[in-house]
There are 2 protein chains.
Amino acid sequence: MLTIGKLGEAAGVKVPTIRYYEQIGLLPEAERSAGNQRLYGRKAQERLAFIRHARDLGFTLEAIRDLLSLSDKPDQSCAAADAIAKAQLAEVESRIARLIALKAELERMVVQCAGGRIADCRVIEVLGDHALCATDHRHPEVEPAH
Amino acid sequence: MLTIGKLGEAAGVKVPTIRYYEQIGLLPEAERSAGNQRLYGRKAQERLAFIRHARDLGFTLEAIRDLLSLSDKPDQSCAAADAIAKAQLAEVESRIARLIALKAELERMVVQCAGGRIADCRVIEVLGDHALCATDHRHPEVEPAH
DNA sequence: CTTGAAGCTATAGTTGCTAGAGACATTAGA
DNA sequence: TCTAATGTCTCTAGCAACTATAGCTTCAAG
């Protein structure tokens, strides 16, 4: 049995994150030691690894919740799991496409900046006027990492 | 002079978002009508367009705050603005690289799924075991859009 | 003049954690 | 065995960048 710290180390997940996953019901409530500390066995370890891996692949916690509940029903069809993965793939693809458009526009901006005064700066100028843009990079969906 | 609704429509920004930008000091406090409603002139409109455009290009509000304060000092060097844009470009590039790795892994997963039972599902299996992955897609930094 | 849309403030919720406070548990070394 | 350091406990609040809700007031059209 592992303490929460060892488990986190093993899975590459920070301790508060594990407690958070328990709190939102993604991990079951852990067994406790005599001194009320959480203890984890192999099953919990595998479940956490699953979560971590899915997070690494960009799945949301909601999607992971669904995937986990599917993985608990080995005899059902895997169509639902497949659909979740495909949706995630589509999401990733659309984010890539969008980021590539952004990259092009940022490159244009940066290259054109001659390094003079702000008043002549292409970066500032282009930001002030979308008409100066080559590509149509509107629409949201670009959020950065934490 | 535009009301907040008209301004939002013109700039493609929702009304509460404009109020939020004012609240965090990204937009100056708006003039008010006799009935206490916000009124915006051309300057505010340009400033909001700048913010919107920069957001579309993925700049954080903090970066935008810096860019705006730079654009208020037309005689200074534009090196700082250039640096901010270059940092954003680097950020976008690294996100693209990471997403491409994710895409490859998700494609592998989806293609291998034969569509049978959960117990045989490659999607579930791969998520449970990172060793089954071809690429090294670890590290965070993938957060989705809001 | 009335009605419905648009505006106001203030607060809370979203996602996926992370950080802090203050108290208890465990473990390694002297 | 004692002690000090580390680990763990709960609870609360904070991050980005909004979005949504509630309960009010103001405005514009018919």
Side-chain angles (χ1 to χ4, degrees), chain A residues 1-27 29-40 44 48 51-68 88 91 95 139-146, chain B residues 1-27 29-40 44 48 51-68 88 91 95 139-146:
Chain A
M1 297 295 257
L2 301 177
T3 62
I4 196 169
K6 298 294 175 193
L7 177 68
E9 213 172 307
V13 173
K14 285 180 191 150
V15 166
T17 304
I18 299 174
R19 288 196 280 248
Y20 169 71
Y21 287 161
E22 178 182 311
Q23 190 196 310
I24 63 169
L26 214 56
L27 289 175
E29 291 197 12
E31 283 179 62
R32 298 297 181 117
S33 73
N36 196 37
Q37 303 197 343
R38 289 173 180 82
L39 292 177
Y40 298 91
L48 182 57
I51 295 170
R52 171 70 210 260
H53 193 193
R55 283 297 294 139
D56 278 349
L57 285 165
F59 289 91
T60 65
L61 293 182
E62 259 319 288
I64 294 171
R65 196 187 293 279
D66 293 345
L67 288 167
L68 280 169
Q88 175 62 13
E91 173 68 34
R95 249 186 280 162
H139 312 299
E141 321 161 30
V142 197
E143 287 315 297
H146 289 310
Chain B
M1 297 295 259
L2 302 176
T3 62
I4 196 169
K6 298 295 175 193
L7 177 68
E9 212 172 310
V13 173
K14 285 180 190 148
V15 167
T17 304
I18 299 175
R19 288 196 281 248
Y20 169 71
Y21 287 161
E22 177 182 312
Q23 190 194 310
I24 63 169
L26 213 56
L27 288 175
E29 292 196 14
E31 284 179 64
R32 298 296 182 120
S33 73
N36 196 38
Q37 302 197 344
R38 289 174 182 82
L39 291 177
Y40 299 91
L48 182 56
I51 294 170
R52 170 71 211 259
H53 193 193
R55 283 297 295 139
D56 278 349
L57 285 165
F59 289 90
T60 65
L61 293 183
E62 259 319 287
I64 294 171
R65 197 186 293 278
D66 292 345
L67 289 167
L68 281 169
Q88 175 62 13
E91 174 69 35
R95 250 186 279 161
H139 314 299
E141 321 160 31
V142 197
E143 287 314 297
H146 291 308

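Proteins get letters first, then strands, A, B, ... in listed order; numbering begins at 1 in each.
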Whole angstroms only, please: what is the CD-C1' distance between A/Glu31 and D/dC9? 17 Å

Take A/Thr17 and B/Ile4, find for each the nucleotide of DNA chain C with the closest heavy atom, and name the residue whose nucleotide sits nearer the 5' end. B/Ile4

Which residues share a side chain to side chain donor-acceptor pair (under 3.5 Å) with A/Glu22, sequence neighbours left out: A/Arg38

Taking atom NZ of B/Lys14 and atom CD of B/Glu9, what is their separation to the nearest 0.5 Å? 13.5 Å

Under the criterion side chain to side chain contact (heavy atoms under 4.5 Å, CB included), I'd like the reasoning laid out for B/Ile64 against B/Tyr21: C-alpha separation, chi angles, the key distance, then a yes or no. CA-CA 11 Å; B/Ile64 294 171; B/Tyr21 287 161; over 6 Å; no

d(CG, A/Leu7; P, D/dC9) in whole Å: 11 Å

Choosing from D/dC9, D/dA17, C/dG7, which nucleotide comes nearest the side chain of B/Arg19? C/dG7

Below the 4.0 Å mark, does D/dA17 have OP1 or OP2 next to a side-chain nitrogen or oxygen of B/Arg65? no

Side chain to side chain donor-acceptor pair (under 3.5 Å) partners of A/Glu62, counting only residues at least two apart: A/Arg65

Let me have a per-nucleotide readout for nucleotides 20-30 of chain D, 5' to 3', with B, S or -, counting only protein heavy atoms under 4.0 Å. ------SS---

Heavy-atom distance under 4.5 Å between the side chains of B/Ile51 and B/Val13, does that happen here? no

Applying side chain to side chain donor-acceptor pair (under 3.5 Å), can you list everything that pairs with B/Arg19, at least two apart in sequence or on another chain? none

Could you give the CG-to-P distance, from A/Leu39 to C/dA25, as a whole number of Å? 14 Å

Gap between atom CD of B/Glu31 and atom CD of B/Gln37 - 0.5 Å precision: 14.0 Å

Would you check if A/Tyr40 and A/Leu48 make a side-chain contact, meaning some heavy-atom pair closer than 4.5 Å? no

Taking atom P of D/dC18 as reference, at what distance in whole Å does atom CG of B/Leu48 sit? 11 Å

Got a sec? Which of residues 20-27 of chain B come in under 4.0 Å of DNA chain D, heavy atoms? B/Tyr20, B/Tyr21

Measure the distance from CD1 on A/Ile64 to P on C/dG16 and round it to the nearest whole Å. 8 Å

For B/Glu62 and D/dC18, give me the distance from atom CD to atom C1', rounded to whole Å. 15 Å

Side chain of B/Leu61 only, please: which of C/dC17, D/dC18, C/dT9 is the nearest? D/dC18

Would you kindly give the CD1-to-C1' distance between B/Ile18 and D/dC18, to the nearest whole Å? 13 Å

Those residues at least two apart in sequence (or on a different chain) that pass side chain to side chain contact (heavy atoms under 4.5 Å, CB included) with B/Leu2 are B/Lys6, B/Leu7, B/Gln45

Would you mind reading off the distance between B/Lys6 atom NZ and C/dA5 atom C1', rounded to a whole angstrom? 11 Å

Does the side chain of B/Arg38 get closer than 4.0 angstrom to OP1 or OP2 of C/dG7 through an N or O atom? no

